[in-house]
Asks: 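Once you've had a glance at the structure underneath, I'll fire off some questions.
Here the structure is a predicted model, which means the values were calculated and not measured. Naming: A, B, ... by sequence-line order, numbering from 1 per chain.
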Protein chains: 2
Amino acid sequence: MKRTLSAVEYSGEEEGMASIAKAISHPVRIRILKLLASQQCCFTGELTEIIPMAQSTISQHLKALLDSGLIQGEINPPKVRYCIHRENWRKAYSMFGGFFNADLACRYDCH
Amino acid sequence: MKRTLSAVEYSGEEEGMASIAKAISHPVRIRILKLLASQQCCFTGELTEIIPMAQSTISQHLKALLDSGLIQGEINPPKVRYCIHRENWRKAYSMFGGFFNADLACRYDCH
DNA sequence: TTTATTAATCGTACATTTGCGATGAACTAT
DNA sequence: ATAGTTCATCGCAAATGTACGATTAATAAA
């Protein structure tokens, strides 16, 4: 890719929102988050039983969610227990809430 | 890609959330939405003046946002006026609000 | 020590995204 | 008709994402 020469500078909020959005931009990651949030399961193994995908693929998606900060993992040998990262979850909640705040959007009508 | 043989089936909500999330998973699209939402501009030309990117690239991002349903365009020859799609914006608001609802997340603590 | 279990990581193949310049389409104005 | 304006689309190149099976690492159990 011919990467921008004049490098657009983004704000922390823009980068942060985009990063979280990217993490939840795949339906299987939405499902994983919903499963974790509803406490239907926690160990990787339980996820691989429920979701018909290769173990390595699930693991890859878990890594993406970990990197986003939306979940956290606790090593519990030889298993790993995952769950929602509550603080970051709340942050995401208020970030998206603020962004999509209805009052902000289209104060005036273009049409 | 060796596409899933056992094809995971996703719910409409999972697909919908992922689709909107994908649309806002790039910082420049966040910026465009914020500009449109705050009514600082509306025509493509105004965006290309503010954002240091090729006109074709901006147009591409606008298309992605259009496809997501988050914005709408009104042809106003030879210009095109874009703005937030209010109804879908509200839908996204409640969808993300419901998803990130703090009460839902981690009712019990894993740790 | 050996074996079993669990999950991460590696390597590969292919799809999709992102950026650009160039070109094209639609409409205005002269 | 001709030229100008505005924006979409095409074609390309490179990066990133997604899925799989195979392998490795860490620990528990025998």
Asks: When the distance from CG of A/Leu66 to P of C/dT9 is rounded to whole Å, what number comes out?
Replies: 9 Å
Asks: Could you pick out which residue, B/Gly45 or A/Thr57, lies toward the 5' side of DNA chain D when each is mapped onto its nearest nucleotide?
Replies: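 Nearest nucleotide further toward 5': that of B/Gly45.
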Asks: With nearest nucleotides of DNA chain D determined for A/Pro78 and A/Gln55 from heavy-atom distances, which residue corresponds to the more 5′ nucleotide?
Replies: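 The residue closer to the strand's 5' end, by nearest nucleotide, is A/Gln55.
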Asks: Among C/dA7, D/dA8, C/dC10, find the nucleotide with the atom closest to the side chain of A/Ser56.
Replies: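 Per side-chain heavy atoms of A/Ser56, the pick is C/dC10.
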Asks: Centroid-to-centroid, A/Tyr93 to B/Phe100, below 6.0 Å?
Replies: no
Asks: Ignoring backbone atoms, establish whether A/Arg29 has a side-chain N or O less than 4.0 Å from OP1 or OP2 of D/dT18.
Replies: yes
Asks: Round to a whole Å and report the spacing from NZ of A/Lys79 to C1' of D/dA29.
Replies: 14 Å
Asks: D/dC7, D/dT18, C/dA8: which one has an atom nearest the side-chain heavy atoms of B/Val80?
Replies: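 The listed nucleotide nearest to B/Val80's side chain is D/dC7.
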Asks: Tell me the interatomic distance from B/Lys63, atom NZ, to D/dC7, atom C1', rounded to whole angstroms.
Replies: 13 Å
Asks: Round to the nearest Å and state the distance from B/His61 atom NE2 to D/dC7 atom P.
Replies: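 The distance from NE2 of B/His61 to P of D/dC7 comes to 17 Å, rounded to the nearest Å.
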Asks: For B/Lys22, is there any backbone N or O sitting under 3.5 Å from a side-chain donor or acceptor partner on B/Ser25?
Replies: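 Such a contact is found between B/Ser25 side chain and B/Lys22 backbone.
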Asks: Using whole Å, what does the distance between atom P of nucleotide D/dC20 and atom CD1 of A/Ile51 come to?
Replies: 12 Å
Asks: With a 3.5 Å distance limit and no angle check, can you tell me whether B/Asn88 reaches the backbone of B/Gly69 through a side-chain donor-acceptor pair?
Replies: yes
Asks: What nucleotide among C/dA8, C/dC20, D/dG21 has an atom nearest to a side-chain atom of A/Ala54?
Replies: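 Nearest nucleotide to the side chain: D/dG21.
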Asks: Examine the base of D/dA8 for any acceptor or donor lying under 3.5 Å from a partner atom in the side chain of B/Gln60, and report the outcome as yes or no.
Replies: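 A donor-acceptor contact between them is absent.
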Asks: State whether B/Ser59 places a side-chain N or O below 4.0 Å from either non-bridging phosphate oxygen (OP1 or OP2) of D/dA8.
Replies: yes
Asks: Apply side chain to side chain contact (heavy atoms under 4.5 Å, CB included) to residues B/His26 and A/Tyr10 and explain how you reach the verdict.
Replies: CA-CA 10 Å; B/His26 192 293; A/Tyr10 300 109; 3.9 Å; yes
Asks: Nearest-Å distance, CD1 (A/Ile58) to P (C/dT9)?
Replies: 16 Å
Asks: Over how many whole Å does the gap from B/Phe43 atom CZ to D/dA8 atom P extend?
Replies: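 Rounded to the whole Å, the gap is 12 Å.
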Asks: Atom CG of B/Leu62 to atom P of C/dG19: distance rounded to whole Å?
Replies: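 Whole-Å distance recorded here is 13 Å.
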Asks: Check whether any side-chain nitrogen or oxygen of B/Lys22 sits under 4.0 Å from OP1 or OP2 of C/dT17, and answer yes or no.
Replies: yes
Asks: Is A/Phe43 linked to A/Ile58 within one hydrophobic cluster, defined over Ile, Leu, Val, Met, Phe, Trp and Tyr using a side-chain heavy-atom separation of less than 4.5 Å?
Replies: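 No, because A/Phe43 and A/Ile58 fall into different hydrophobic clusters, even though each may have its own neighbours under 4.5 Å.
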Asks: Let's see if you can work this out: which of D/dT16, C/dA7, C/dC10 has an atom nearest to the side-chain heavy atoms of A/Tyr82?
Replies: C/dA7
Asks: Between D/dC7, D/dT18, D/dC20, which one does the side chain of A/His26 approach most closely?
Replies: D/dT18
